[in-house]
Amino acid sequence: MKLSQALIPTLKETPADAEIISHQLMIRAGLIRKLTSGTYIYLPLGQRVMNKVINIIRSEMDRAGAQEILMPAMQPAELWEESGRLKQFGELVFRFEDRTGKKNLLGPTHEEIITHLVKNEITSYKQLPINLYQIQTKFRDEIRPRFGVLRSKEFLMKDAYSFDVDTKSLDKSYQLMYDAYCRIFDRCGLKYKIVEAESGLMGGDVSHEFMVPSPAGEDLFVTCPKCDYASNIVMANCQPTKDPKKSEAPQALKKIETPGATTIEAVSKFLKVPASQMVKTLIYTADGDPVVILIRGDHELNLVKLGRLLGTDNIVPANAKTIENVTGGPLGFSGPVGLKDIKIIADHLIQGMTDFVTGANQADLHYINTNPGRDFKIGQTEDLRTITGSDPCPKCGTKIEISRGIEIGHVFKLGTKYSKKLGANFLDQNGKSQPAVMGCYGIGVNRIIAAAIENSSDKDGIIWPKNIAPYQVIIVSVNPKEEKIREVSQKLYDACRAENIEVLWDDRNISAGIKFKNADLIGIPIRLTVGKNTLANNVVDLKLRNSSEQNSLAPDKVITEVIKSVQQNK
RNA sequence: CGGGGCGUAGCGCAGCCUGGCUAGCGCGUCUGCUUUGGGAGCAGAAGGUCGCCAGUUCGAAUCUGGCCGCCCCGACCA
């Protein structure tokens, strides 16, 4: 492609509404343009990268034995009512009616549809296992789209679904996908971590996320610097204190005034007591019933853990009225002392704490020197908090590390959740009807692009991994009006095209500086410069985007070098 | 949805507080000439419902109200 003819609108200035590097560079390098919040137009350069990624995904999925299909983005709401997920997804789903009043939605994911298909088409164990996938646009009415293409309302996803006769067979299908994902992300040139994850709306018990570490990521994950432990932060187990140290002489419980101090921070400041020496009493309602939870002042309640414990995800903070009913006191001064007729669920650490500060269930009053056992009863002790950076690794005890990451892929063992609900059964060897055991596997295609840029750029622009670069080579003709320069450039351009090497030719009649800046910005791996060196010594300069070295070679030699370099990465 | 911020030419911004003539600046764009190894120079030109609607006023980009859009933080979301 000649740059003079290409729609590659680069920007010198950083757009004001782009916060993170990948978003800024995707706009500046002319990959995307925003249509509205959460939807983007992919320009030629962006679309080329997208296609590169898609091709890699497709080849690895096919290699793993998965078969490509295409399901509609428009789906009947009926199927979602059957699975019970319409309510669960709630506002996240775009809904609409057709002219007859039939309820439809734009698919945020496709478990319902694939299960429907398999229900009708798979009837025998002889047809299993099977893995079907598609690369398709998903729609999610996100509360807050952000960071460009990282969280958008419309995005491209590769989603695969496996069906097996039993869990043992599912383990194999799962591993196959897990390995395929590693190959896909390796080929995309990404550095990533695989972490244990929460299954959320998908359901199922086992899942792993593929995370690209980046400060721009929306997810936090935990890794151990010593062993191989890696987990999403919400899943990381906190170690119970094995041998709680009781203070030798607990102080007497005492009520003291804390006017207007309704938060841990305010009380901590007022009483000059560190948050870690306080206990917060949280009242939630789970399926409408109030629960009382105790967490150390400097810790955070982990709703996922609480949900697992209570067996529901319908957990919301109690309103002021419920709090009054439960504690007899106003919001902001709740405490465990004197609570009746309600079980107190405490985080593991509470048991070992002594002489701590907590609410007195009366306005403007807190207790100091509270001690569990003596002053109130803990009904149940559980791991309820979110792990912190000062916690030990649940596996080996080394201090863990917390990092941010971009979730580019997620694999789930679903089990029979959907097959049971939607009736995807098959006849086993004994002629008995069994629900298929499912797995599902997603990759965010757009996120791979953003993650690759987050992973690899410098002050001048993008540095593409070779396998997903929109073009392999860019030829910069310093002064294309010069006949010899044009001639040599044309020769290089033709030679690349003859070898099927993707090449951009900057044939524009503009000053050289712009061309170099542009080439760096759009991040093409190999740059060939035809300029005064060519005129004086009949050589072309070859420079790689990811190195500062530049070599001068005869035009024929340059082509050989380029071919070698491009093939190395295939 | 709660909190904060923004909306003036394709992009980045000034002007608004303290209302007033033809709404500016930089980049980009177009024409011509000179340039061409790291975002060139000169000369000329095009490009604006000042987000929208209403109100106050002799007069509104500027003041007031409503609405819309966009960004950031949060609710923990594949």
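Computation of the quantities below employed the complete heavy-atom set of this structure, encompassing side-chain atoms and omitting hydrogens, waters and symmetry-equivalent molecules.
- RNA chain B is contacted by A:Gly531, A:Lys532, A:Asn533 of residues 530-538 of chain A, taking any non-hydrogen atom closer than 4.0 Å.
- Salt-bridge check for A:Asp383 with A:Lys305: passed, with a basic side-chain N closer than 4.0 Å to an acidic carboxylate O.
- Interatomic distance, A:Leu150 CG to A:Glu407 CD, rounded to the nearest 0.5 Å: 11.0 Å.
- Within 4.0 Å (heavy atoms only), A:Glu218 reaches at least one base atom of the nucleic acid.
- If you check every strand for non-hydrogen atoms under 4.0 Å, A:Asp541 touches a base.
- Across all strands shown, B:U49 has no partner, as no Watson-Crick or G-U wobble contact with both distances under 3.5 Å is found.
- Aromatic pair A:Phe412/A:Tyr441: centroids not less than 6.0 angstrom apart.
- The backbone N or O of A:Ala18 sits less than 3.5 Å from a side-chain atom of A:Gln24, completing a donor-acceptor pair.
- Within the nucleic acid shown, A:Ile510 comes within 4.0 Å of at least one base atom, counting heavy atoms only.
- Residue contacts shown for A:Leu303 are limited to sugar-phosphate atoms, with no base heavy atom under 4.0 Å away.
- Closest approach to the A:Lys543 side chain among B:C76, B:A78, B:G38 is made by B:G38 (side chain taken as heavy atoms from C-beta onward).
- Base engagement by A:Thr386 is indicated by at least one non-hydrogen atom pair under 4.0 Å involving a base atom.
- Between B:G74 and A:Arg146, a contact under 4.0 Å exists linking OP1 or OP2 to a side-chain N or O.
- Using a 4.0 Å heavy-atom distance criterion, A:Arg527 is classed as a base contact.
- Contacts of A:Tyr178 classified as side-chain hydrogen bond (donor to acceptor under 3.5 Å, both in side chains), with partners at least two apart in sequence or in another chain: none.
- Comparing the same atom, P, in B:A46 and in B:C25 gives a spacing of 13 Å after rounding to whole Å.
- Applying the salt bridge (charged side-chain N to carboxylate O under 4.0 Å, His left out) test to A:Glu487 and every residue at least two apart in sequence or in another chain returns nothing.
- Residue A:Lys34 places at least one side-chain N or O closer than 4.0 Å to OP1 or OP2 of B:C71.
- Whole-Å rounding puts the A:Gln24 CD to B:C11 C1' distance at 14 Å.
- Within the 3.5 Å criterion, the main-chain N or O of A:Ile345 finds no donor-acceptor partner in the side chain of A:Glu382.
- Remark: A:Thr14 is not in phosphate contact with B:G12, judged by side-chain N or O atoms under 4.0 Å from OP1 or OP2.
- A:Phe412 has its CZ atom 12 Å from the P atom of B:C77, to the nearest Å.
- Among the nucleotides B:C72, B:G38, B:G39, the one closest to any side-chain atom of A:Arg28 is B:G39.
- Between A:Asn302 atom CG and B:C76 atom P there is a gap of 10 Å when expressed in whole angstrom units.
- For B:G20, the paired base is B:C58 (Watson-Crick or G-U wobble, both distances below 3.5 Å).
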Show me the side-chain donor-acceptor pairs of residues 473-482 of chain A shorter than 3.5 Å, one per line, residues at least two apart or across chains.
from: A:Ser477; atom 1: OG; to: A:Ser489; atom 2: OG; distance (Å): 2.7
from: A:Ser477; atom 1: OG; to: A:Trp505; atom 2: NE1; distance (Å): 2.7
from: A:Asn479; atom 1: OD1; to: A:Lys481; atom 2: N; distance (Å): 3.1

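- Residue contacts shown for A:Ile143 include a base, since a base heavy atom lies under 4.0 Å away.
- Nucleotides B:G10 and B:U22 have their C1' atoms positioned 24 Å apart, rounded to a whole Å.
- Contacts of A:Arg508 with the nucleic acid, taken as non-hydrogen atoms under 4.0 Å apart, are absent.
- Rounded to an integer number of Å, the gap from CZ of A:Arg151 to C1' of B:C71 is 17 Å.
- Proximity of A:Ser511 to the phosphate of B:A40: a side-chain N or O atom is located under 4.0 Å from OP1 or OP2.
- Rounded to whole angstrom, the span from the CG atom of A:Asp141 across to the P atom of B:A78 amounts to 15 Å.
- With C1' as the reference atom, B:G28 and B:A75 are 42 Å apart, rounded to whole Å.
- Ranking B:C1, B:G26, B:A78 by closeness to the A:Glu13 side chain, first place goes to B:G26.
- Checked against B:A40, B:A78, B:U36, the side chain of A:Met157 finds its nearest nucleotide in B:A78.
- Nucleotides B:A60 and B:G55 have their P atoms positioned 12 Å apart, rounded to a whole Å.
- Within 4.0 Å of A:Phe210, counting heavy atoms only, lies no atom of the nucleic acid at all.
- Of all nucleotides present, only B:G74 satisfies the Watson-Crick or G-U wobble test against B:C1, with each distance under 3.5 Å.
- Rounded to whole Å, atom P of B:C70 lies 15 Å from atom CD of A:Glu142.
- At a threshold of 4.0 angstrom between heavy atoms, the contacts of A:Gln550 include nucleobase atoms, whether or not backbone atoms are also involved.
- Remark: A:Arg545 engages A:Asp458 in a salt bridge, criterion side-chain N to carboxylate O under 4.0 Å.
- Contacts of A:Thr529 with the nucleic acid, taken as non-hydrogen atoms under 4.0 Å apart, include base atoms.
- Here the separation of B:C70 from B:G24, taken at their P atoms, is 31 Å to the nearest Å.
- In this structure, of B:C71, B:A78, B:C27, it is B:C71 that holds the atom nearest to the side chain of A:Ser37.
- In this structure, NZ of A:Lys517 is placed 6 Å from C1' of B:G38, rounded to the nearest angstrom.
- Nucleotide B:C25 forms a pair with B:G12, judged by Watson-Crick or G-U wobble geometry with both contacts under 3.5 Å.
- Pair check for B:G7 finds B:C68; Watson-Crick or G-U wobble, both atom distances under 3.5 Å.
- Listed by chain and residue number, nothing satisfies the salt bridge (charged side-chain N to carboxylate O under 4.0 Å, His left out) test with A:Arg95 (two or more places apart in sequence, or in another chain).
- Taking atom P in both B:G12 and B:G59, one finds a spacing of 35 Å when rounded to whole Å.
- Residue contacts for A:Ile315: at a heavy-atom cut-off of 4.0 Å it reaches no nucleic acid atom on any strand shown.
- Checking the phosphate oxygens (OP1, OP2) of B:C72, a side-chain nitrogen or oxygen of A:Arg144 falls inside 4.0 Å.
- One atom, CG of A:Asn232, and another, C1' of B:C76, lie 10 Å apart when rounded to the nearest Å.
- On a pure distance criterion of 3.5 Å, no polar donor-acceptor pair joins the side chain of A:Asp460 and the base of B:G38.
- Here the separation of B:G38 from B:C33, taken at their C1' atoms, is 24 Å to the nearest Å.
- Closest to the A:Lys481 side chain, of the nucleotides B:A40, B:A78, B:U35, is B:U35.
- Searching all strands for a Watson-Crick or G-U wobble partner of B:C42 with both distances below 3.5 Å returns B:G32.
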- [ ] Step by step, work out the ring pair (Phe, Tyr, Trp, His ring centres under 6.0 Å) result for A:Phe210 and A:Phe185.
- [x] CA-CA 9 Å; A:Phe210 292 74; A:Phe185 300 135; 5.4 Å; yes
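- Taking atom P on both B:G44 and B:G26, the two are 14 Å apart, rounded to the nearest angstrom.
- Under the rule for a side-chain hydrogen bond (donor to acceptor under 3.5 Å, both in side chains), A:Glu13 has no partner lying at least two apart in sequence or in another chain.
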